[in-house]
Each structure stands twice: as structure tokens, then as C-alpha cells.
S.K.: 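Could you have a look at this structure, given as C-alpha cells, before my questions?
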Amino acid sequence: MQRQTHAIATEENIASFQLVSFHFGSPGTGKKVYLQASLHADEVPAMLVAHVLRRELEKLDAAGHVKGEIVLVPAANPIGLSQVIHGAPFGRFDLASGVNFNRSYKHVADELKTSLAGLLGADADANAALIRAHARRVVGEWQPASSTQELKKTLLSMAIDADIMLDLHCDNEAVLHLYTGTPLAERVKPLAALLHAHAVLVATESGGEPFDEACSRLWWELADHFGDRFPIPLGCLGVTIELRGENDVRYDLAEQDARAILQYLAREGVLALDGLDPLPAPLCEPTPLAGVESLAAPHSGVLVFLKKLGARVAAGDAVADIVNPVSGQVSTLHAARAGVLFASTAHRHLLRGMHVCKIAGSEAHRMGNLLTA
Ligand SMILES: [Zn+2]
């Protein structure tokens with residue numbers, strides 16, 4: 001194992017930060033895997049999973065069982081981790097710019113459509129190698145305009161040429177769920193089954209340029225552009241893994257999630273493990289991100305859930321009440337469509353319009369930007 005330290009924000013008159021990455025196996029000996037935890041710095045379960053992954057990967061690497069290259073960034077956001085306001089960690093948005101730490105990554109596909117013209121051939125592997133080389137160069141040429149962009153560039157530089165990129169997050173309160181690209185829906189199924197995911201939300205383009213899509217979407221966009229003339233594979237399985245809720249920080253869950261990820265990497269040929277766990281029956285099929293229904297509070301009051309996270313709800317089912325203790329008004333929120341109640345706010349008093357919960361339905365019904373701020 002090799003440890004690398006990346007300096008972030010190095011001007012002499014301001015606070016500077018260090019990003020640390022751990023490197024297992026050897027480049028060029030197999031697939032490249034990139035794993036990062038807590039890009040949203042207050043999403044803590046991911047860092048505990050990364051801690052377990054590091055322990056296990058050190059052992060596997062020492063025994064020569066890593067058959068490729070694995071990069072692990074166990075705390076991906078030192079800037080966000082340092083943001084604390086009056087005792088409350090604040091890690092989702094960059095305080096300096098207001099920008100979400102998981103948005104606005106450089107999308108390289110348009111530049112590659114130009115730079116690759118005339119260079120591709122009949123060999124899909126050779127085309128993939130060329131695409132990775134050009135993608136690395138374009139990310140390398142990204143001129144960061146701020147310390148946070150410097151962090152984003154540093155992370156993306158390590159991930160842009162990965163075959164598998166797993167970005168570990170969590171929701172406020174949630175059951176385990178995944179986000180990935182629609183073209184990757186089949187390939188993600190074993191990972192979803194091993195992690196016991198309750199929802200797998202897919203989109204061709206989510207909007208806002210999140211990290212996983214910066215790594216994966218270029219492949220299907222380039223295939224659309226060049227694919228009738230030159231073979232281009234889906235070169236990166238980019239997945240955002242939402243490890244339940246912010247307070248689901250437990251050793252048993254972290255061990256279980258890390259084991260599922262290692263089992264998946266073994267199935268992908270990156271790790272030689274003693275045995276493969278049988279693939280559990282999947283809890284869900286992939287459904288469109290555009291099929292997620294969000295419920296909001298119609299007025300201020302106390303939020304009381306009538307359904308548990310992970311429950312399957314039918315169209316018209318009562319999901320939660322908003323109870324105003326002064327007016328006495330009680331409003332019941334109903335699901336408009338059938339689906340899985342997979343995430344909710346962690347707050348229990350809401351103002352009008354505030355987010356209540358999300359339900360994964362099987363039919364797309366939303367347009368435009370599909371991710372919340
Ligand atoms: Zn997140």
C-alpha cells in the first residue's frame with residue numbers, strides 16, 4: 001500500500017488542507033477501482049466503511065490478492081470536514097461559494113468528441129485506452145478558480161480513468177439506495193443485491209454534474225457520438241452509494257457494507273478472495289430517477305411518519321401527518337404513485353414547503369434537473 005498526500009489550497013495567507021489517498025495493487029495489472037467516502041463531509045457512515053475497507057485492503061494487498069489497482073480516499077472533503085457552524089458540522093455545501101460539493105464537476109465528453117476525431121479504430125480496448133488518456137489530459141488542464149475547485153480537480157484526476165468508481169454518501173434518514181446511469185442498470189445489479197439496496201435510481205443525465213456522472217457519462221455520450229463507426233465500451237461503472245441515514249454509524253453496518261463492496265470487487269476480478277458469497281435475491285429492480293416522488297410539508301408543524309422507511313406504498317397511501325400544535329390542523333400526506341419509501345428528512349418540525357420524504361416509483365414523471373440541491 002502506498003499513501004499519497006495532496007495539498008489543497010496552498011496560498012500562504014489562508015488555511016490549507018491535505019487530501020490523503022491510499023493506493024493498493026499496481027496500475028496496469030488489471031482494472032482500476034476508485035473509492036471515495038464523504039464527499040459531503042457530514043455524511044459520516046461512509047468514512048467508517050472506508051476505515052474497514054482500508055483495513056481489509058491492506059491485508060489483501062500484503063497477501064498479493066489485489067489484481068489491479070484500487071485507490072481509496074477515506075475522507076474526500078477536508079474543506080467540508082473543517083466547516084462547523086456554532087457546533088454543527090456543515091459539509092454539503094462549500095461555505096465560500098454556496099456550491100454543493102457533489103456538483104459542478106468538469107464533464108469532458110464535449111472536448112473529447114473533438115480531440116478524438118480521426119483517432120479511433122476498430123479495437124474497443126484500444127479506443128477505451130485512448131479515451132482514458134484524453135480524459136486524463138482534459139481534467140489535468142482544468143484551471144481551478146477556487147480552493148474547492150482544486151479539491152474537485154484532485155479527486156476527479158484520480159477517478160476519471162477508473163473502470164469502477166464508487167462514491168460513498170448517505171441521506172438524512174434512509175434505507176440503503178444507489179444512483180447510477182441508465183446504461184449501467186444491468187451491470188450494477190450484483191452490487192445492489194450484495195448491498196441489499198432498497199432502490200436503484202437511474203438517469204442518463206441527472207443534471208448538475210455530480211461526481212459519479214463526471215466519471216461515467218462520457219462513455220455513453222462518446223458511444224452515441226462515435227459508436228456507429230467505432231466500438232466504445234461503457235468504460236466506467238460510476239455509482240453513488242447512499243449508506244442509509246446520517247446517524248446510521250455502526251460497526252456492524254460498516255463491516256457488512258465493506259464486505260459487500262469487497263465481494264463485488266472480487267466478482268469483477270479485482271480481488272482474489274477465498275470464496276464468493278452467494279448473490280442475495282435483489283430487494284428491487286432499477287427504477288428511473290425521474291420516477292422519484294418528493295413530498296413536502298403543506299404547512300408548518302410536527303412531522304409524524306405513518307409508514308416506515310423501506311416500506312412499499314400504494315398510490316393513495318397515507319405516508320405522514322403534519323400536526324400544527326397551535327391551530328390544531330392535521331394534514332395527511334398521501335403518495336400519488338406506488339413505490340418504495342426510501343429516504344426522509346431527519347427533522348421533525350417543518351416549515352411550509354420543506355422536504356418530507358422521497359418515494360421511488362417505477363414510472364418516470366419528472367423533467368429537468370433531477371437531483372435536489
Ligand atoms: Zn451526499
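We use all heavy atoms of the structure for the numbers below, so side chains are in, but hydrogens, waters and symmetry mates are not. Order of listing sets the numbers, starting from 1, for every ligand and every atom in it.
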S.K.: Hey, are R132 and D163 close enough for a salt bridge, meaning a charged N less than 4.0 Å from a carboxylate O?
M.R.: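 Yes, charged N to carboxylate O under 4.0 Å.
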S.K.: Look at K307 together with D317 and state whether they make a salt bridge at an N to O cut-off of under 4.0 Å.
M.R.: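 Result for this pair is yes, salt bridge flagged.
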S.K.: Of all the N, O or S atoms in H40, which has the shortest distance to the Zn ion (ligand 1)?
M.R.: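 Closest to the Zn ion (ligand 1) among those atoms: ND1.
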S.K.: Looking at R348 and E173, is any side-chain nitrogen of the basic one under 4.0 Å from a carboxylate oxygen of the acidic one?
M.R.: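 Salt bridge: yes.
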S.K.: What N, O or S atom of H169 is found closest to the Zn ion (ligand 1)?
M.R.: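 Of the nitrogen, oxygen and sulfur atoms in H169, the Zn ion (ligand 1) lies nearest to ND1.
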S.K.: For N/O/S atoms only: which one belongs to E43 and is nearest the Zn ion (ligand 1)?
M.R.: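 Checking each N, O and S atom of E43, the shortest distance to the Zn ion (ligand 1) belongs to OE1.
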S.K.: Assess whether a salt bridge exists between E268 and K67, defined as any Lys/Arg side-chain N lying under 4.0 Å from an Asp/Glu carboxylate O.
M.R.: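 K67 and E268: not salt-bridged.
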